[in-house]
Amino acid sequence: MEYNFNELEQKWQQFWQQSNAYAVSNESNKPKCYVLDMFPYPSGAGLHVGHPLGYISSDIYARYKRLKGFNVLHPMGYDAFGLPAEQYALEHGVHPAVSTEQNIANFRNQLNKIGFSFDWSREVNTSKPNYYKWTQWIFLQLFNSWFNRSLQKAEPIESLIALFEQAGSTAEGVATTQHLFTAAEWKSYPTATQQQILMDYRLAYCGFGEVNWCEALGTVLANDEVVNGVSERGGHPVEKKKLRQWYLRITEYADRLLQGLQTVDFSEPMKEMQTNWIGKSQGAEITFAIQSTAASAANTTLTVYTTRPDTIFGVDFMVVAPELDLIHQITTEEQASAVNEYIAYVKSRSDRERQAEKRISGCFTGAYALNPFNQQRIPIWISEYVLAGYGTGAIMAVPCGDERDFKFAQHFNIPITNILGSAFNGTEANNTKDARLENSDFLNGIVMRDAMDLVITKLVEMGIGKRKVNFKMRDAAFSRQRYWGEPFPIQWKNGVAVPLPESALPLALPVVESYGPGPDGQGPLANIPEWVAKELETNTMPGYAGSSWYFLRYMDPSNNEAFCSRQASDYWNQVDVYVGGTEHAVGHLLYSRMWTKALFDLGYIGFDEPFKKLVNQGMITGNSRFVYRIHSTNQFVSHGLLDAQGTYQGHALDKIHVDVNMVDGLVLDTTAFVQWKNAEFAGATFILEDGKYVCGSEVEKMSKSKLNTVNPDDLVKKYGADTFRMYEMFLGPVEQSKPWDTKGIEGVHRFLKKLWRLCFDETKGKVWIDAEPTPAELKILHKTIKKIDDDTERFSYNTAVSAFMVCVNELADAKCHKKAILEPLLILLAPYAPHIAEELWQQLGNTSLIIDAQYPVFNPTYVVESSKEYPVSINGKVRTNINIALDASPEEVESIALNNETVQKWLEGKAPKKIIFVKGKMINVVM
RNA sequence: GCCUUGGUGGUGGAACUGGUAGACACGCAGGACUUAAAAUCCUGUUCGCCGCAACGCGAGUGCGGGUUCGAUUCCCGCCUGAGGCACCA
C-alpha cells in the first residue's frame with residue numbers, strides 16, 4: 001500500500017467538511033482559545049505562497065490547542081474592499097463585487113486544498129452589506145462620540161453638549177481648540193454653528209487634508225500609484241491638493257495606545273515601532289515676534305515647537321514648512337519670487353522624498369524672528385525638511401545641537417553659535433543634554449537637562465510659551481475618493497453632516513455606470529444623480545475600516561441585531577494569538593486597537609485591547625522583474641544597457657514592475673508585454689541587448705502589485721498538502737522573512753513517505769505491529785514529545801519539523817513498527833500534516849478522529865541519562881571528549897579531566913591555572 | 001532621511017539562558033539494488049594544510065575592534081539585504 005497523498009487528502013478534506021469537523025460552538029466546558037490570522041485581501045492573482053505561511057502557522061497552533069483540550073475559534077474571512085478591484089473595474093468594466101466574489105471563490109478553493117481547520121460557517125466578507133452595515137454602525141458610534149480628556153475615554157456627544165451648556169468651551173475634560181465660548185454663548189449659537197463646533201470634538205470628524213492630485217487623470221492617487229512624482233499610470237505629474245476629508249481622532253487615544261502596549265504580548269520591536277509611530281515627545285511651543293519689511297507682516301508672530309527649549313540661545317535661524325500661509329505674510333519683496341519658486345518646487349514632492357533627500361534645499365524669506373530674551377535677529381528660512389503636519393510646522397534651528405540644522409547652516413553659510421563649549425567640535429552637531437550651557441545669558445553654566453524647565457517657566461511667565469506634549473502620530477485620514485468601499489451613512493444638509501438613523505443601515509453601495517472619478521476630485525459616487533440628490537456623502541471609507549473590527553464579527557458572524565452580541569464577545573474575549581506580517585505593525589494594528597478601545601469605552605465590549613499575543617510572520621519575499629522606460633516616452637531599455645547611475649545615455653528612466661510570468665529567467669516576452677494590461681504599453685519599442693530584452697530583478701515583498709507572486713496549487717498537486725504545509729514551516733523561523741524557493745521540498749516529501757513506510761510497505765502491505773515498545777524506542781518517542789510540545793508552543797515550527805525527521809529516522813534505523821510508538825507520534829504530527837496523520841490513525845485501527853485525540857504526555861523517566869560525553873577544551877578550544885557520569889562531583893570530574901591523555905599532552909607537564917566545569921555542559925582547562 | 005529587522009558551508013537553516021558552530025534538509029560526489037530507470041538504502045560533504053589515517057594542525061558565523069576561561073550569542077563602529085514611513089493590502 002503506497003502513500004497516495006492526492007487521494008487520501010481529498011478524502012479527508014471532504015470528510016472534515018461533511019462532518020463539520022471544524023465547526024466551533026460559543027458554548028463549551030473547555031477553556032477557550034482564539035487563534036486568528038490577518039485575513040487576506042482577495043487579490044485577483046489568487047493565493048500566493050506567502051499567504052499560507054502565516055495560515056499554516058496558526059493552523060498548527062489551533063489544531064495543537066484543540067488536541068490539548070481547548071475550544072478553539074479559528075476563523076477565516078476576506079478584507080474585500082480595496083483599490084485593486086476598483087482598478088480592475090476601471091480597466092475591464094467588471095463590477096468589483098463580481099470580481100471580488102470570483103477571487104474569493106478562488107481563494108477559498110485554494111485554501112481548502114491546504115487542509116486548514118477553519119470554521120467556514122463564520123466566514124466574513126467586509127464588502128457584504130450584512131457586514132458593512134456594522135462598519136457603518138460603528139462609524140456612527142465614533143461620529144456620535146467625543147473624547148473626555150479628564151476621564152481619558154470616549155463618551156456620547158450628548159455629554160459634551162451638556163458640558164457646553166453648563167460651562168462652555170472650558171468645561172473640564174474638554175480639549176482646547178480654536179473655539180472659545182461661554183455656556184450662554186453656546187446656547188445662543190444657531191444649530192449650524194453648534195454643529196460646526198461639535199465637529200471639532202467628534203471621534204470621527206470632517207476636515208481638510210492634502211491628497212496626491214493628478215490633474216491629467218482628474219483623480220486622487222494612492223502613494224503607491226505615485227512613482228517619482230508622477231502617476232504610475234501614464235506618468236502624469238502629481239501634486240498635493242487640499243480636499244475635504246473624514247478623519248478618526250486617533251490622537252486622543254495616543255496615551256492609551258502607548259499604555260496598552262504594556263499589557264499585551266507583542267514582540268519588543270513591534271511595540272517599539274508602534275511607540276515610535278505614536279512619537280510622544282515633551283517640549284514647548286514658543287512664539288517669536290517677527291521683523292520684516294513686508295507690510296503684511298505687521299503683528300505676525302512665529303510659533304515653533306521644540307523639544308529642546310534649553311537651546312534657545314543657540315538658535316541661528318528658523319525653518320518654516322513651505323506650506324504655511326504665514327510665509328506669504330512675512331516674505332519681503334526682494335525674496336518673494338525666490339520663495340514662490342521654492343514653494344512650487346516643494347509642492348511636487350512627497351513627504352518621504354522631502355525627508356530622504358540628501359541634497360539640502362531652502363530659501364530665505366527676508367524676515368527675522370526676535371529672540372525673546374536678547375532681541376537678537378534670527379533669519380527665517382523655509383525648507384522642505386520641515387513638515388507642515390508635525391508640531392506647528394516651524395522649528396527653531398540650533399546647528400550646534402542638531403545634525404540636520406548643522407548641515408543646513410553649513411550649506412547656506414549661516415554662522416553657528418556654540419552654546420555647548422567644548423562639547424561642540426565645530427565639525428558635527430552634538431545632541432547631548434548633559435553639557436553645561438555657554439553663550440546662553442541667564443542659563444550659562446547650567447546643565448542643559450535642567451535648563452529646559454527654567455526656560456519654559458520663564459516663557460510662560462512672559463506669556464509667549466507653553467509646555468506642550470506632541471505626538472508624531474496624526475489623526476487617521478478616513479475617507480477616500482473611491483468607489484469600492486463602505487459609503488458613509490452621512491447626509492449633508494446645508495453644510496451640516498447629519499448621521500443617518502440606524503434603521504437606514506446598511507446604506508448600500510449603489511451601482512455606478514463608470515468607476516471613473518467624479519467632478520472636482522470627488523469619488524465616483526458623485527457621478528450618480530440620485531445619490532447626489534439625496535445629499536449623501538460621496539466619499540467612501542478606506543480599506544482599513546472593515547479590518548478594524550473583523551475579529552469581533554467572527555465571534556457572532558450572522559447576528560442581525562448587533563455587530564457582535566455582548567455574550568459572544570464576553571465568551572471569546574481577546575484574540576489569544578494573532579498571526580500576521582510586520583507590514584501591519586502600525587496601520588492596521590493601531591486602528592483596530594483604537595476601535596476596540598472606543599467600543600470598550602462605549603460599553604459594547606468588555607476588553608480594550610483586541611490581541612493578547614501577536615506573532616509576526618516573516619514575509620516570503622518574491623523575485624520581482626523590472627523594465628526600464630525612458631521617461632515620458634514609450635521606449636524601453638534592456639537592463640544591461642543601463643549605466644551606473646541607473647540612466648540611459650543621460651535619459652531618466654521609469655522603473656516598472658512586470659509580471660514574472662511574462663519573463664523567462666530574466667528575458668522579457670516582448671510580445672506578451674505590449675498586449676499586457678489592456679495594451680497599456682501598446683506600441684512600445686525596445687532597445688535590446690543581444691537581441692533580447694533583459695529585465696532587472698530585485699527581491700522584495702510578494703504582492704500582486706509587484707507582479708511577483710507564486711501560486712501554491714502546483715506544489716500541492718505534485719507533493720500534497722501535508723508536504724506543502726511542512727515545507728513552508730521547514731523553510732525557516734516563522735518570524736523571519738525569506739525569499740521563496742521550491743528546492744528542498746523533496747526532502748520533506750521523502751520524510752512523509754518514510755513515515756508511511758513505518759506503517760505500510762509497498763509490497764508487503766501492513767508492517768505495523770502491536771508489540772510492547774523497548775526502552776530505547778520509548779526514549780525516541782518521549783524525546784520527540786518534549787521537543788515537539790515545546791517547539792509548537794513557541795512557534796518554532798522549523799525545528800519541530802526537523803525533530804519529526806530525526807524521530808522517524810531513528811525509528812526506521814531501529815526498525816520500530818510498533819503501534820504504541822506510532823500512535824502518539826501521529827498525534828504529535830496531526831497539527832502539521834493532518835491528512836496523513838488522520839489516514840494512518842484510521843489504518844492503525846482507530847474509529848475516532850485524530851483531531852479529537854488527546855495530546856501525548858511527556859514522561860521524563862524514559863529519557864534520563866546517566867552520563868554525558870563532555871567536551872574538554874584547553875584555553876577554550878575543544879581538544880577531546882570524555883564520557884563522565886552526570887552525578888560525578890566537580891572534584892572527580894577535574895581529576896578525570898586532568899588524567900586524560902589528550903589533556904596531559906596539551907598541558908605539557910605544566911599545572912593548569914584553573915579548571916572551569918559547567919555541569920552537563922563542558923569542561924575548560926585554562927593554562 | 002527616519003523607525004524596525006536580518007547577514008552562519010554550494011543552498012534553506014540549527015545552536016532556546018555566553019559553553020562541542022554547521023542539527024535537520026537540499027544539492028553534489030561515490031556506492032548498493034535493478035537488464036535499465038524511478039523509488040529506496042549506504043558512505044562522504046565548512047575551508048585550508050600534513051597525511052595511509054587520525055577522536056592531527058590552522059582558520060572560520062558580513063567587516064573592524066572590545067569584554068570573557070570561553071562570543072554566532074554581550075558591547076562599540078562600519079558595510080549590506082529586507083519591511084514600514086500614514087490613499088497597496
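Note: hydrogens, waters and symmetry copies are ignored here, and every other heavy atom, side chains too, is used. In what follows, chains are A, B, ... by sequence order, proteins preceding strands, each numbered from 1.
- Annotated as syn: B/G9, whose O4'-C1'-N torsion sits within 90° of 0.
- Taking only side-chain atoms of A/Q245, from C-beta outward, the nucleotide of B/A89, B/C87, B/C88 with the closest atom is B/C87.
- Listed nucleotides B/C69, B/A86, B/A89 differ in distance to A/L83; the shortest reach to its side chain belongs to B/A89.
- Cation-pi contact between A/R249 and A/Y205: present, with separation from the ring centre below 6.0 Å and deviation from the ring axis of at most 45°.
- As rounded to the nearest Å, B/C87 and B/C79 have C1' atoms that lie 35 Å from one another.
- Between the P atoms of B/U11 and B/G19, the separation comes to 26 Å (whole Å).
- Listed pair A/K753 / B/U40 meets the phosphate criterion, a side-chain N or O lying under 4.0 Å from OP1 or OP2.
- Side-chain to base pairing of A/N276 with B/C3: no donor and acceptor N or O lie closer than 3.5 Å to each other.
- Within the structure, every side-chain polar atom (N or O) of A/N798 is placed at least 4.0 Å from both OP1 and OP2 of B/C24.
- The aromatic rings of A/F81 and A/Y132 lie tilted to each other, with the angle between the two planes from 30° to 60°.
- Across all strands shown, B/U80 is found opposite B/G6 as a Watson-Crick or G-U wobble partner, with both distances under 3.5 Å.
- To the nearest whole angstrom, the two C1' atoms, one in B/U73 and one in B/G6, are 15 Å apart.
- For the P atoms, the distance from B/G18 to B/U72 is 13 Å, rounded to whole Å.
- For the P atom pair drawn from B/G58 and B/A21, the interatomic distance equals 13 Å after rounding to whole Å.
- At the phosphate of B/A59, OP1 or OP2 sits under 4.0 Å from a side-chain N or O atom of A/K877.
- In the set B/U4, B/A86, B/C16, B/U4 carries the atom at the smallest distance from any side-chain atom of A/E272.
- Between A/Q736 and the phosphate of B/U5, there is no side-chain N or O to OP1/OP2 separation shorter than 4.0 Å.
- Residues A/R349 and A/E384 are paired through a salt bridge, judged by an N-O separation under 4.0 Å between the basic side chain and the carboxylate.
- For A/Q481 against B/C87, a side-chain-to-base donor-acceptor contact under 3.5 Å is present.
- Ring geometry, A/Y797 versus A/Y832: the interplanar angle exceeds 60°, so the pair is classed perpendicular (tilted spans 30 to 60°).
- The C1' atoms of B/C63 and B/C50 are separated by 31 Å, rounded to the nearest whole Å.
- Salt bridge A/D790/A/R794: absent, no basic N to carboxylate O contact under 4.0 Å.
- Across all strands shown, B/G1 pairs with B/C85; the Watson-Crick or G-U wobble distances both stay below 3.5 Å.
- For B/A38 and B/G44, the P atoms lie 23 Å apart once the distance is rounded to whole Å.
- With a 3.5 Å ceiling on both atom-pair distances, the Watson-Crick or G-U wobble partner of B/C28 is B/G44.
- Both cation-pi conditions hold for A/K655 and A/F626: the charged atom is under 6.0 angstrom from the six-membered ring centre and inside a 45 degree cone around its axis.
- A donor-acceptor pair is defined here as one N or O able to donate and one able to accept, closer than 3.5 Å; such a pair exists between the side chain of A/N212 and the backbone of A/L221.
- Between A/P40 and A/M619, the residue anchored closer to the 5' end of RNA chain B is A/M619, taking for each the nucleotide with the nearest heavy atom.
- Dashed line: the shortest gap from a side-chain N or O of A/R757 to OP1 or OP2 of B/C41 is under 4.0 Å.
- Considering only side-chain N and O atoms, A/R474 lies nowhere under 4.0 angstrom from the phosphate OP1 or OP2 of B/A86.
- For the P atoms, the distance linking B/G30 with B/A37 amounts to 14 Å, nearest Å.
- The side chain of A/M273 approaches B/C3 more closely than any other nucleotide in the set B/A86, B/C3, B/C87.
- Backbone-only engagement by A/T799 is indicated by non-hydrogen atom pairs under 4.0 Å involving sugar-phosphate atoms exclusively.
- Applying the 4.0 Å criterion to OP1 and OP2 of B/G58, one finds that A/R879 has a side-chain N or O inside that range.
- We find that A/E323 and A/K242 are not joined by a salt bridge, their nearest charged nitrogen and carboxylate oxygen being 4.0 Å or further apart.
- The shortest distance between the side-chain N/O atoms of A/N616 and the OP1/OP2 oxygens of B/U5 is not below 4.0 Å.
- Judged by Watson-Crick or G-U wobble contacts below 3.5 Å, the nucleotide B/A53 has no partner.
- Distances shown here put a side-chain N or O of A/R750 below 4.0 Å from the OP1 or OP2 atom of B/G27.
- Looking at which nucleotide of RNA chain B each of A/G543 and A/S737 is closest to, the 5′-most match is held by A/S737.
- The partner of B/U73, taking Watson-Crick or G-U wobble pairs whose two distances both stay under 3.5 Å, does not exist in any strand shown.
- The side chain of A/D79 approaches B/A89 more closely than any other nucleotide in the set B/A14, B/A89, B/U4.
- Among B/C26, B/G70, B/C85, the nucleotide with an atom closest to any side-chain atom of A/K743 is B/C26.
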